[in-house]
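Take a look at the structure set out below.
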Amino acid sequence: MVKYFIIRLLNNNLLITIILGLTVSNLPSIVYAADGKLISTTGVIQVEGTGGSGIVPWATLSGYDSREQISATAFLTRATVTDYELDIVGVSASFYDRVEVSFAQQKFNIDATNDEIKQDIIGIKARLYGDVVYSTWPQVSAGIQHKILKDSAIADALGANDSDNGTDFYLSLTKVHLGAVFGFNALWNTTFRYTNANQLGLLGFGGSDDDREIVLEASAAILVNRYLAFGIDYREKPNNLDTTEDDWKNLFVSYSPNKFVSLTAAWLRLGTIAGVDNQNGFYISLTGHF
Amino acid sequence: MLMFGCASQPSNLYNSIGGKQTVEKIADHFVDEIGNDKIIITYFAKSNVDRFHQSFITHLCSIIDGPCKYEGDNLREVHRGMNITEGDFNRIVDLLINAMRAAGLTHRERNRVLARVAPFRKEIIYH
């Protein structure tokens, strides 16, 4: 299945891959699905294509693979705020609960001008320590996201230092506390990201200078049962350009009825984006595990 | 194995889930779940099921504040040579969750018990 995914990825027919993948996953006799983790403990896929919540990468990898398993994951996300939309498709593979590789395509639409900005993100993340559920200390992972901006005109117009590509480095700590909050399982995540990406990179990288800095991202969630989680995300943003970039916040609910699929919805408060303030809206994301 | 009575405490997890009866019910269902799982049953090929059943009751009772003292081999010794994988361990946890549900524990009670069981994982897997 993973080999099949990579071949399709090379052909760049992402959407076909996802649709085929979802169809085939209904045939358990054909498909290998990793199931070596407790349900809902993998998180979902965040906006840059790596395992996490809505907007924050977590230390968890994208799949349900344990140390003997390989898993593949595909996702579709749409975020709609007052004046913009962001559509994302992506795939990832996770090997032996150790390394995750990911690829995501973002398409950002500006309603007022009908402009479209595309960006590809190639990611790799390695688990350095621990198990999100079982170890005494949090699970720790380090990752890299290489972002290739396909449409540079707006980044150039806004004065970004680099409008071609940029690379983020991050370190995430994630822990589930069993029965910790009135008997409910609770999760927290903290991510430190070294970045100069403006609005994920869609508006280029850096301002008048390279402007790299460490920003803080965090999530907290409560699993109300085995299948349903409620949580919040906070993502500090670099704010390198003259047009303000506000920190991002969301409230999310994630439903994982089985180990094959999960659906996440979020209410977004993204502040000012490219000079237009009060960008609030909704986010919906479908993740499939193979 | 040594059993002794002691005064019950209101915040005691053992008492709050229903004490001895519930722990025995969990053990009964757990043994059934294992017996019906074609992967996990292979780990029990050379085991004495009655002995496992009794040891499980005493151990579970002892780690959830019950009036029992587990004096069997430590879990590292018990699982030595079985080379239980991480994936299979998680599968066993799923069976234990099923057993607790069948014994009538609520989601929150199951989480509280799992929190007591979780630290033993490192003594059980990969050796």
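Nothing here was measured: the structure is a model prediction, and the numbers come from that model. Because only heavy atoms are used, hydrogens play no part in the values below, and waters and symmetry mates are left out as well, while side chains stay in.
For A:G183 against B:N111, the heavy-atom pair with the smallest separation is O-ND2, 2.8 Å. Scanning both residues, B:R112 and A:F182, for their nearest heavy atoms gives NH2-C, 3.4 Å. In plain terms, the two heavy atoms of A:E68 and B:G87 that are nearest each other are OE1-N, 3.5 Å.
Interatomic distance, CG of A:N225 versus CZ of B:R108, reported as 12.5 Å (0.5 Å rounding). Atom-to-atom distance recorded for B:H107:NE2 and A:Y227:OH is 10.0 Å, nearest 0.5 angstrom. Taken to the nearest 0.5 Å, the CG atom of A:N185 stands 7.5 Å off from the CG atom of B:L114.
Contact annotation for B:I125: only side-chain heavy atoms (C-beta onward) come within less than 4.5 Å of a heavy atom of chain A. Residue contact with chain A, scored on non-hydrogen atoms closer than 4.5 Å, is absent for B:F120. Residue A:V181: no heavy atom, backbone or side chain, is found under 4.5 Å from chain B.
The closest side-chain heavy-atom distance from B:T85 to A:R67 is not below 4.5 Å.
Residue-environment remark: OH (A:Y96) stays at or below the threshold of 12 foreign heavy atoms within 6.0 Å. Under a cut-off of 6.0 angstrom, the local environment of CZ in B:R101 is crowded, with over 12 non-hydrogen atoms contributed by other residues, nucleotides or ligands. Atom CD of B:Q21 has 12 or fewer neighbouring heavy atoms from other residues, nucleotides or ligands inside a 6.0 Å radius.
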(message) Determine whether A:R226 and B:D94 satisfy the following criterion, side chain to side chain contact (heavy atoms under 4.5 Å, CB included), listing intermediate values before the conclusion.
(response) CA-CA 11 Å; A:R226 296 196 79 193; B:D94 277 334; 2.8 Å; yes
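Applying the side chain to side chain donor-acceptor pair (under 3.5 Å) definition to pairs two or more places apart or across chains, none involves residues 130-143 of chain A.
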